[in-house]
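Report on one structure; see the data block that follows.
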Amino acid sequence: MHDIRAIRANPAAFDAALARRGMAPATPAILALDTERRAFQTRQQEALSRRNALAKEIGQKKRGGEDTTALEDEARELRNLIEATDELGPKLEFMLASLPNILDAEVPDGADETANVVLHQHGEPVRIEGAKEHYQLGEALGLMDFEAASRIAGARFVVLKGALARMERALGQFMLDLHTGSHGYTECAVPLMVNDAAAYGTDKLPKFSEDLFKTTDGRWLIPTAEVPLTALNMGEIIPEPHEPLRYTALTPCFRSEAGSAGRDTRGMLRQHQFQKVEMVSICRPEDSEAEHERMTHCAERVLTELGLSWRRVFLCSGDTGFGAARTYDLEVWLPGQQAWREVSSCSNTRDFQGRRMNTRFKRGKETVFIHSLNGSGVAVGRALIAVMETWQQPDGSVIIPPVLRPYMGGLEKLG
RNA sequence: GGACAGGUGGCGGAGUGGUCGAUCGCGCCGGUCUCGAAAACCGGAGUACGUGCAAGCGUACCGUGGGUUCGAAUCCCACCCUGUCCGCCA
């Protein structure tokens, strides 16, 4: 959500920010609507004010037994204006709610992912003679079953079995333990279904409803734990967070993947349902930049400990998500696919979600919108893929990374 | 799912269709007193929007959304949430 006062004060700056996202100027329409709405509101408030005065006078006169018909008639005449619904306000709000966040000044310009900037790389892109992709390995081991999944649910689902199912669980536990034990995050078990307000507050609505699954009773399956975690203090004025509030959760995530038909159809890279460990920080405006770096480090550590090759990518203006001011993607190297693939995305939304959710804190006299950040720490399904492809052996078995073995009863190898 | 009882300002808790944005208590902030503190006393404190250079003024908000009325925290309807009991159930 955007600050209408800021737009009024400097429309050119706002349009310039939109231009960085390749969007046409929006302020002429916004300001026209805003002016019209304020005029309407002023007129309506004047009518209300008059009516309140009349009602008060009527009350007093009635008590004195005086005739009040003339006053009542006048009050009745104000009805049209008083009861007129403000159609402009919601329209303006929808307009503002549909515009993406303002990008950080440092975000590199560019139309699409080809303009993203690699900031850092850990490890080398591994070349393995005769490397297989994760689904080849998984199916050959008899631990990954796409046929069964499509039989019972449809495309873009998978069934994991045996030690591989356990390894998925181990990955989630390992990540959670790392973030809660070493990174200061508080583990949360959260609803996997949320209402409109939570989805709107985390900028999934109104623009992206087609990406979500909706329940028959009007709720939404969460596309990421970012939604419930960020919305935990929705609508509240919280104590000033001198230290950022850090939440983490391991949850299934549900995505309709509308619009990605035909993309990544093989394997479990892009599913309707996957496990993910999410990190969310709620903090003061002056802390969000440092928190963003910190959070990204937390995610990177997961990948390093799993023995994966990864790189940090600074998303360009054209690739940065709707709600984000600044985003780092972490890409992991998949030796089977011979490609870098996203396993984490860490974003600073600044006060964009805070405004939508109306989460604030008090500082002296002023009420300040919180800043919120979210990052995958990391996507479990994709981490599983990376582990399989990275740790695969020529015989089709997969070495289990040492950090996961305690979670797998000491097992050292799949197959 | 059924039957009750509720949802009021940070918390507790009043509230009659008409000077109610809302008595009061606690907590909070400022002050007086004190060497200092406590107690006591005095005073101040909600959020959002509009309007104005500003002081200020106005409007809305008593779970949410409708309705009745000149006027609704108060009456009516629907929904949501909480509590208790019953039924069902992982």
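Labels below follow one simple rule: chain letters A, B, ... track the order of the sequence lines, proteins then strands, and each chain is numbered from 1.
The separation of C33(B) from C24(B), taken at their C1' atoms, amounts to 26 Å, rounded to a whole angstrom. Atom name C1', nucleotides A14(B) and C62(B): the rounded distance is 13 Å, in whole Å. Nucleotides A5(B) and C77(B) have their P atoms positioned 14 Å apart, rounded to a whole Å. One C1' atom belongs to U19(B), the other to A38(B), and the distance between them is 41 Å to the nearest Å. Straight-line distance between the P atoms of G10(B) and C89(B): roughly 43 Å, to the nearest whole Å. Between C81(B) and A72(B), the distance separating the two P atoms is 28 Å to the nearest Å. Only the C1' atoms considered, A39(B) is 32 Å distant from G21(B), to the nearest whole Å. Across G6(B) and U64(B), the matching C1' atoms stand 16 Å from one another, rounded to whole Å.
Taking the six-membered ring for Trp and the full ring otherwise, Phe146(A) and Phe157(A) have centroids separated by 6.0 Å or more. Here His272(A) and Phe213(A) bring their ring centres to under 6.0 angstrom of each other.
Dashed line: the shortest gap from a side-chain N or O of Thr68(A) to OP1 or OP2 of C70(B) is not under 4.0 Å. For G50(B), the OP1/OP2 oxygens have a side-chain nitrogen or oxygen of Arg5(A) closer than 4.0 Å. Side-chain N/O atoms of Asn52(A) include one lying less than 4.0 angstrom from OP1 or OP2 on U59(B). A close approach under 4.0 Å does occur between a side-chain nitrogen or oxygen of Arg79(A) and OP1 or OP2 of C70(B).
Val403(A) and Glu305(A) make their closest contact through CG2-O, 3.4 Å (heavy atoms, listed as atom of the first residue, atom of the second, distance). Minimum heavy-atom separation, Tyr185(A) to Thr248(A): CB-CG2, 3.7 Å. Smallest separation of non-hydrogen atoms from Trp310(A) and Leu303(A): CD1-CB, 3.5 Å.
Nucleotide G43(B) has C29(B) as its partner under the Watson-Crick or G-U criteria, with both atom distances under 3.5 Å. Searching all strands for a Watson-Crick or G-U wobble partner of U34(B) with both distances below 3.5 Å returns nothing. Pairing of U59(B), defined by two Watson-Crick or G-U wobble distances under 3.5 Å, is identified with A48(B). Across all strands shown, the partner of G1(B) is C86(B), judged by Watson-Crick or G-U wobble contacts whose two distances both fall under 3.5 Å. The pairing partner recorded for A22(B) is none, the criterion being a Watson-Crick or G-U wobble arrangement whose two distances lie under 3.5 angstrom. Nucleotide C81(B) has G6(B) as its partner under the Watson-Crick or G-U criteria, with both atom distances under 3.5 Å. The pairing partner recorded for U16(B) is none, the criterion being a Watson-Crick or G-U wobble arrangement whose two distances lie under 3.5 angstrom.
To the nearest angstrom, P of A48(B) lies 15 Å from CE of Met1(A). Summarising the geometry, the separation between CD on Glu36(A) and P on G50(B) is reported as 16 Å, rounded to the nearest angstrom. Here the P atom of nucleotide C81(B) and the CE atom of Met234(A) are 13 Å apart, to the nearest Å. The separation between Met357(A) atom CE and A48(B) atom C1' is 18 Å, rounded to whole Å. Rounded to a whole Å, the NZ atom of Lys62(A) is 9 Å from the C1' atom of G71(B). At whole-Å resolution of the value, CD in Gln41(A) and P in C57(B) are 19 Å apart. Rounded to whole Å, the distance from CG on Leu48(A) to C1' on U69(B) is 15 Å. Protein atom CZ of Arg51(A) is 11 Å distant from nucleotide atom P of C70(B), rounded to whole Å.
Each of Arg37(A) and Leu71(A) was matched to the nucleotide of RNA chain B holding its nearest heavy atom; the match closer to the 5' end belongs to Arg37(A). Nearest-nucleotide assignment on RNA chain B puts the 5′-proximal partner with Arg8(A), out of Arg8(A) and Leu54(A).
Closest to the side chain of Gln60(A), from the set U19(B), G50(B), C70(B), is U19(B). Nearest nucleotide to the side chain of Gln45(A), out of G18(B), U19(B), C49(B): C49(B). Closest to the side chain of Ala55(A), out of U51(B), U59(B), C70(B), is C70(B).
A salt bridge does not link Asp211(A) to Arg255(A): none of the charged side-chain nitrogens sits closer than 4.0 Å to a carboxylate oxygen.
At the heavy-atom level, Arg360(A) lies under 4.0 Å from the strands shown only through sugar-phosphate atoms.
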**OP:** Starting from the C-alpha separation in whole Å, work towards a yes-or-no answer on salt bridge (Lys or Arg N to Asp or Glu O under 4.0 Å) for Lys132(A) and Glu389(A).
**Re:** CA-CA 7 Å; Lys132(A) 295 189 175 64; Glu389(A) 295 197 8; over 6 Å; no
